[in-house]
Amino acid sequence: MDDAVFIGGPEKRAIVIEDYDPGWTARFEHAEASLRQALGPRACRIEHFGSTAVPGLAAKGIIDVMVEVEDADDEAAYGPALEAQGYAIRVRQPGHRMYRTPDLDTHVHVLTEGSDAARIRLLFRDWLRHDARDRRLYEDTKRELARQEWDATNDYSDAKGAVVDQILARAQRWAATRP
């Protein structure tokens with residue numbers, strides 16, 4: 001996220017990995033309904049992704065929602081509607097915006113419809129749902145990294161990069177074999 005602008009600067013928050021909670025799906029569904037109401041047809045697609053979207057995978061308990069819009073860089077087309085629902089902008093980078101709830105428990109990632117960034121997020125989720133070994137590798141990595149002290153939460157995310165790249169390579173090979 002070298003080109004990302006973090007609104008409010010870097011943050012230091014505790015990294016707490018929780019066992020999988022089936023209630024995460026209901027939290028996503030609540031967020032999805034709120035987003036559909038706020039955005040209407042501007043939301044081309046709304047998906048639950050990230051670790052909380054993978055049954056059996058431990059996670060930080062933050063619901064990651066992907067909203068595909070026509071052009072993520074056109075904040076004026078969707079930003080005011082998200083802000084009216086209580087979401088605050090946190091990240092700006094080309095083709096990607098991230099908003100979050102005041103409780104910091106739901107992150108809404110706005111991406112351009114059909115972008116590689118959107119495709120990769122869903123591929124990673126789908127592969128982890130499919131492959132128990134990589135799901136375990138990812139969970140073990142997250143738990144190990146969560147034991148460390150981080151100056152900013154994004155440092156923790158960056159530290160997962162090598163393992164994410166390995167898993168994503170396997171996911172892409174898997175996707176290439178599917179129709």
Side-chain angles (χ1 to χ4, degrees), residues 1-4 6 10-29 31-32 44-68 72 90-100 104-179:
M1 293 186 74
D2 293 336
D3 57 354
F6 293 93
E11 290 180 332
K12 182 174 182 160
R13 294 175 51 197
I15 306 293
V16 178
I17 304 298
E18 306 169 24
D19 288 338
Y20 177 76
D21 180 351
W24 290 337
T25 299
R27 287 180 45 206
F28 162 74
E29 290 168 353
E32 179 186 27
C44 304
R45 181 179 196 175
I46 300 175
E47 292 277 346
H48 187 191
F49 79 102
S51 295
T52 62
V54 179
L57 181 61
K60 292 186 304 216
I62 296 170
I63 305 303
D64 284 304
V65 181
M66 181 183 76
V67 177
E68 286 184 85
R90 171 67 180 140
V91 175
R92 277 189 185 103
Q93 71 184 134
H96 174 238
R97 303 296 185 274
M98 192 272 277
Y99 291 75
R100 61 187 181 178
L104 310 181
D105 62 353
T106 302
H107 292 175
V108 177
H109 298 262
V110 181
L111 298 163
T112 299
E113 181 181 23
S115 66
D116 281 343
R119 182 188 61 77
I120 287 169
R121 282 167 171 80
L122 296 179
L123 174 60
F124 192 77
R125 175 202 66 190
D126 293 348
W127 175 251
L128 290 179
R129 286 176 173 174
H130 172 79
D131 191 88
R133 285 185 303 163
D134 274 344
R135 189 169 50 246
R136 182 63 183 201
L137 171 63
Y138 191 50
E139 179 173 323
D140 290 347
T141 300
K142 292 190 310 173
R143 288 188 185 276
E144 179 64 31
L145 292 172
R147 289 187 196 83
Q148 299 177 35
E149 187 73 21
W150 300 99
D151 291 332
T153 56
N154 276 68
D155 295 337
Y156 159 82
S157 296
D158 291 345
K160 296 184 298 183
V163 168
V164 168
D165 289 347
Q166 291 170 21
I167 293 170
L168 194 52
R170 287 187 285 276
Q172 292 198 23
R173 285 192 298 274
W174 171 71
T177 67
R178 298 172 47 119

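Heavy-atom basis, side chains included; hydrogens, waters and symmetry copies ignored.
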Of all heavy-atom pairs between [X] and [Y], which one has the smallest distance, and what is that distance?
| X | Y | result |
| --- | --- | --- |
| L57 | R135 | CD1-O, 3.5 Å |
| A159 | W150 | CB-CH2, 3.4 Å |
| D19 | W24 | O-CH2, 3.6 Å |

- request: Indicate the ring-plane relationship of Y138 and F124, choosing parallel, tilted or perpendicular according to the 30° and 60° boundaries.
  value: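 Perpendicular, since the angle between the ring planes exceeds 60°.
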Give a yes or no on whether the backbone of [Y] and the side-chain of [X] come within a donor-acceptor separation of less than 3.5 Å.
| X | Y | result |
| --- | --- | --- |
| R90 | V108 | no |
| E139 | A58 | yes |
| T112 | A72 | yes |
| E68 | G114 | yes |

task: Please name all residues satisfying side chain to side chain donor-acceptor pair (under 3.5 Å) with H109, sequence neighbours left out, ordered by chain then number.
output: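 Listed in chain order: D64, H96.
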query: For R143, does the CZ atom sit with more than 12 other heavy atoms under 6.0 Å from it, leaving out its own atoms?
result: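 Enclosed.
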message: Atom CG of residue position D151 - does it have more than 12 heavy atoms of other residues, nucleotides or ligands inside 6.0 Å?
response: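 Not more than 12 within 6.0 Å, no.
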D126 with R119: basic N within carboxylate O range, under 4.0 Å: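 Result for this pair is no, no salt bridge flagged.
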field: Pair R121 + E47: basic N to acidic O under 4.0 Å
entry: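 Salt bridge absent between R121 and E47.
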